Amino acid sequence: MRFETLAEYFEKLEGTTERLRMYELLGQLFARADPEETAELAYLCEGRLLPAFAGVEIGMGERLVARAIAIAAGVEEREVIARYKRLGDLGSVAEELLKSRRQRGLTVTQAYAAMLEIARTSGPGSVEGKAQKLAALLGRTSPRAARYIVRFALGRMRLGIGAPTIIEAIARTSDDSKRARALIERAYNLCSDLGLVLRTMREQGIEALSRFHVRVGNPVRMMLAERLPSAEEIIARLGRCAVEAKLDGLRCQVHLNDERVEIFSRNLERMTGMFPDIAEAIKAQVAARQAIIEGEAVAINEATGEFYPFQVTVKRKRKHGIEEMAREFPLALVVFDLLYVDGRDYTELAYQARREALEGIIKKAGRIRPVERIITASADELQRFFDAQVERGMEGIIAKRLDSPYLAGARNFNWIKLKRAYRGQLEDTVDVVIVGYLRGRGARARFGIGALLTAVYDRERDSFCTIAKVGSGLSDEGWTRLREMLDRYAVEEKPARVESRLVPDVWVEPRYVITVLADEITRSPVHTCAQDESGTGLALRFPRVVGFIREDKAPEDATTVEEIREMYATQKRQKLSS
DNA sequence: CACGCAACTGG
DNA sequence: CTCGAGT
DNA sequence: ACTCGAGACAGTTGCGTG
């Protein structure tokens, strides 16, 4: 298939929001492709080169892609950036700048190979090499194809389709689409490789998919939890259920195969090399030849038995200096699920059975330990368990339906989380002053505003220090209205009373106050709120707007740096009181 | 070695 | 995380 | 009510560059 044909389909897909139409288009697309192209096509539609666990990435961001477009179009990089700020999509910028091009001979396979080649470019000079190669590729395509190649390089196809949509589309081309969907979905959830599934189906027929099984070494798509705001609602939904502590660490799926161990992240990236201590503990403590176990890796203070906060744990996600880190911050793996043991698929068993089997194969005393849990039908008891966990510094709890199997790839109410932040929402709302805004990308660029740079008031210096960028919580209408209001106070230069290391696309005179909800306050290298000599300030974690502009508040009525300091201190105390 | 950028995590 | 669109 | 996709955030490490 020519790449141009694929680009035409992408354009049609982009042009509709109707799911049913998308299924039609995708069905046609795959039907027209050569069987050998199926896997490539699937990955391209997903906006990636290979499944996550293959570890192959293009390795280009906005800046580098902008450079490639500049080279291909023979214009200054500044010109590309300026157009990007207006359009919010580098793909459209490339299309615009390459308008006169007529080339269209490239095939899908050639384009795919070229992008794989870019991904494999590494070592000295590779940055320039990637830009040159992408520029060369853009030179061989039509303007329309360039749009999608650019978006692909950035990993944002913006077509409104993902794996589930592709699966549904392919299933619909089958006579028994319900059954086809179940088979495809199951195969995908077990192997996490959409290209492999669709190619197998195309080459060997749909029945071949029933031969897919959980295989040690192949990551299984993880089951995720939904969220509810209270213990009552959880009990109303689940009745008698298991309630597990939720730790603030990194979710791991561990595969043991004799003496070999593989560890995968939540998004199925291979993380084996980062956690040698967990790999060793697995070998020592798991009484099975083969097993797939899930748990949360958390850095632990061995002297006190306390868990460290997320920011300490995440330091273990590294390539170098792992041994030293492992000595300083050893990890515990708090396990909560069992998917496979010695030739037997456990995913179809109920929660209770899996949990018992899990406890059965973990030898006591070591870094691998089953998560703490209770079983209850009482909202009160659930609440008390939650409070106790939060008291101990845990993130909250996760309630699980007792008879639920492990539904790979699903996010539903069989697992429900109740999180710390929901306990004291009001405790952590902050009134911030808007000091600037960013233009936003993609759909947000339509409004010309995608995020706010916000600050709190420093009484001592009578200035505004940045504390967060906020890009969540407003409706489309809210963004539009806000932009109109802010543009009346837009200024060319950073206002004198604003202290900021970040530079927004548009500076705004400090005037409007807006209420923001956040999960917690963290130390920040970029924000100037409560900044010390070393340049470390304070920032809001997971900020989102609640409500709209506080007309009743002047900028000096915003939350003060002093108040933020206090909130940070309180938070610290709460964490320590375990 | 400092810096900018990219890719990943978390929610 | 939040929002919006479709079913 | 549910599913899906897009677009935001802060913070971390690692790479390539100059």
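In the text below, chain A, chain B and the rest are named by the order of the sequence lines, each starting its count at 1. Both backbone and side-chain heavy atoms feed into the values below; hydrogens, waters and symmetry mates do not. Nothing here was measured: the structure is a model prediction, and the numbers come from that model.
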Query raised in the report: Contact class for A:Asn412 vs. all strands (heavy atom < 4.0 Å): base, sugar-phosphate, or nothing?
Result: nothing
Report task. Give the rounded distance in Å between these two atoms: CZ of A:Phe542 and P of C:dT2. Result -> 11 Å
Query - Spacing between A:Arg318 atom CZ and D:dG11 atom P, to the nearest angstrom - result: 18 Å
Query raised in the report: Once you round it to whole Å, what is the distance between P of B:dG11 and CZ of A:Phe310?
Result: 7 Å
Query raised in the report: For atom C1', what is the distance between B:dG11 and D:dG7, given to the nearest Å?
Result: 14 Å
Report task. For A:Glu77, check salt bridge (charged side-chain N to carboxylate O under 4.0 Å, His left out) against everything at least two apart and list the hits. Result -> A:Arg63
Report summary line: side chain to side chain donor-acceptor pair (under 3.5 Å) filter on A:Asp277, not counting sequence neighbours, yields A:Arg316
Query - Nucleotide nearest A:Arg266 (side chain, heavy atoms from C-beta), chosen from B:dG11, C:dA5, D:dG11 - result: B:dG11
Query raised in the report: Could you state the CG-C1' distance from A:Leu154 to D:dA6, rounded to the nearest angstrom?
Result: 15 Å
Report task. From the options C:dC1, D:dA8, B:dT9, select the nucleotide whose nearest atom is closest to the side chain of A:Arg441. Result -> D:dA8
Report summary line: Winner on side-chain proximity to A:Leu250, out of C:dG6, B:dT9, D:dA10, is B:dT9
Query raised in the report: Quick one: is D:dG7 close enough that its OP1 or OP2 comes under 4.0 Å of any side-chain N or O from A:Arg158?
Result: yes
Query raised in the report: NA contact type, A:Gly155, heavy-atom cut-off 4.0 Å: base, sugar-phosphate, or nothing?
Result: nothing
Query raised in the report: Between A:Met271 (CE) and D:dT13 (C1'), how many Å, whole number?
Result: 14 Å
Requested in this report: May I ask you to check whether A:Glu14 and A:Tyr148 show a side-chain donor-acceptor distance below 3.5 Å?
Outcome: yes
Query raised in the report: Are A:Asn267 and B:dT9 close enough that a side-chain N or O sits under 4.0 Å from OP1 or OP2?
Result: yes
Report task. With side-chain contact (heavy atoms from CB on, under 4.5 Å) as the test, would you mind laying out the steps for A:Val432 and A:Val456 before giving the verdict? Result -> CA-CA 5 Å; A:Val432 295; A:Val456 287; 4.2 Å; yes
**Report entry** Residue pair A:Asn414 / A:Tyr406, side-chain donor-acceptor N/O under 3.5 Å
**Finding:** no
Requested in this report: Rounded to the nearest angstrom, tell me the gap between atom CG in A:Leu13 and atom C1' in D:dA6.
Outcome: 16 Å
Query raised in the report: Closer than 4.0 Å, any side-chain N/O of A:Thr17 to the OP1 or OP2 of C:dG6?
Result: yes
Query raised in the report: Should A:His527 be listed as having a side-chain N or O under 4.0 Å from OP1 or OP2 of D:dG11?
Result: no
**Report entry** A:Arg19 vs C:dG6: side-chain N/O to OP1/OP2 distance below 4.0 Å
**Finding:** no
Requested in this report: Name the nucleic acid region contacted by A:Lys246, choosing base, sugar-phosphate or nothing; use a 4.0 angstrom heavy-atom cut-off, strictly under.
Outcome: sugar-phosphate
Query raised in the report: Checking all strands, does A:Arg237 fall into the base, sugar-phosphate, or nothing category for heavy-atom contacts under 4.0 angstrom?
Result: sugar-phosphate
**Report entry** Residue-phosphate contact under 4.0 Å: A:Thr165 side-chain N/O, D:dG5 OP1/OP2
**Finding:** yes
Report summary line: Winner on side-chain proximity to A:Ser122, out of C:dT2, D:dG16, D:dG11, is D:dG16
Query raised in the report: Roughly how many Å is it from OH in A:Tyr23 to P in C:dG6, rounded to a whole number?
Result: 12 Å
Requested in this report: Output the single nucleotide from D:dG11, D:dC15, B:dG11 whose closest atom is nearest the side chain of A:Pro525.
Outcome: D:dG11
Report summary line: Testing D:dC15, C:dG6, D:dA6 for proximity to the side chain of A:Lys319, the answer is D:dC15
Requested in this report: Decide, yes or no, whether a salt bridge links A:Arg392 with A:Glu306 under the criterion of side-chain N to carboxylate O below 4.0 Å.
Outcome: no
**Report entry** From D:dG14, D:dT12, B:dA7, nucleotide with atom closest to A:Lys315 side chain
**Finding:** D:dT12
Report task. Please tell me which of the listed nucleotides, C:dG4, B:dA6, D:dG7, lies nearest to the side chain of A:Leu64? Result -> B:dA6
**Report entry** Salt-bridge contact A:Arg21-A:Glu24 (side-chain N to carboxylate O under 4.0 Å)
**Finding:** yes
Query raised in the report: A:Lys317 has a side chain; which of B:dT9, D:dA10, D:dG7 sits nearest to it?
Result: B:dT9
Query - Separation of B:dA7 P from A:Glu62 CD (nearest whole Å) - result: 11 Å
Query - Residue whose nearest DNA chain C nucleotide is more 5′ - A:Lys417 or A:Glu477 - result: A:Lys417
Query raised in the report: Taking the side chain of A:Glu395 as its heavy atoms from C-beta onward, which of D:dG11, D:dG7, B:dG11 lies nearest to it?
Result: B:dG11
Query raised in the report: B:dT9 phosphate, OP1 or OP2: any side-chain N/O from A:Ser265 under 4.0 angstrom?
Result: yes
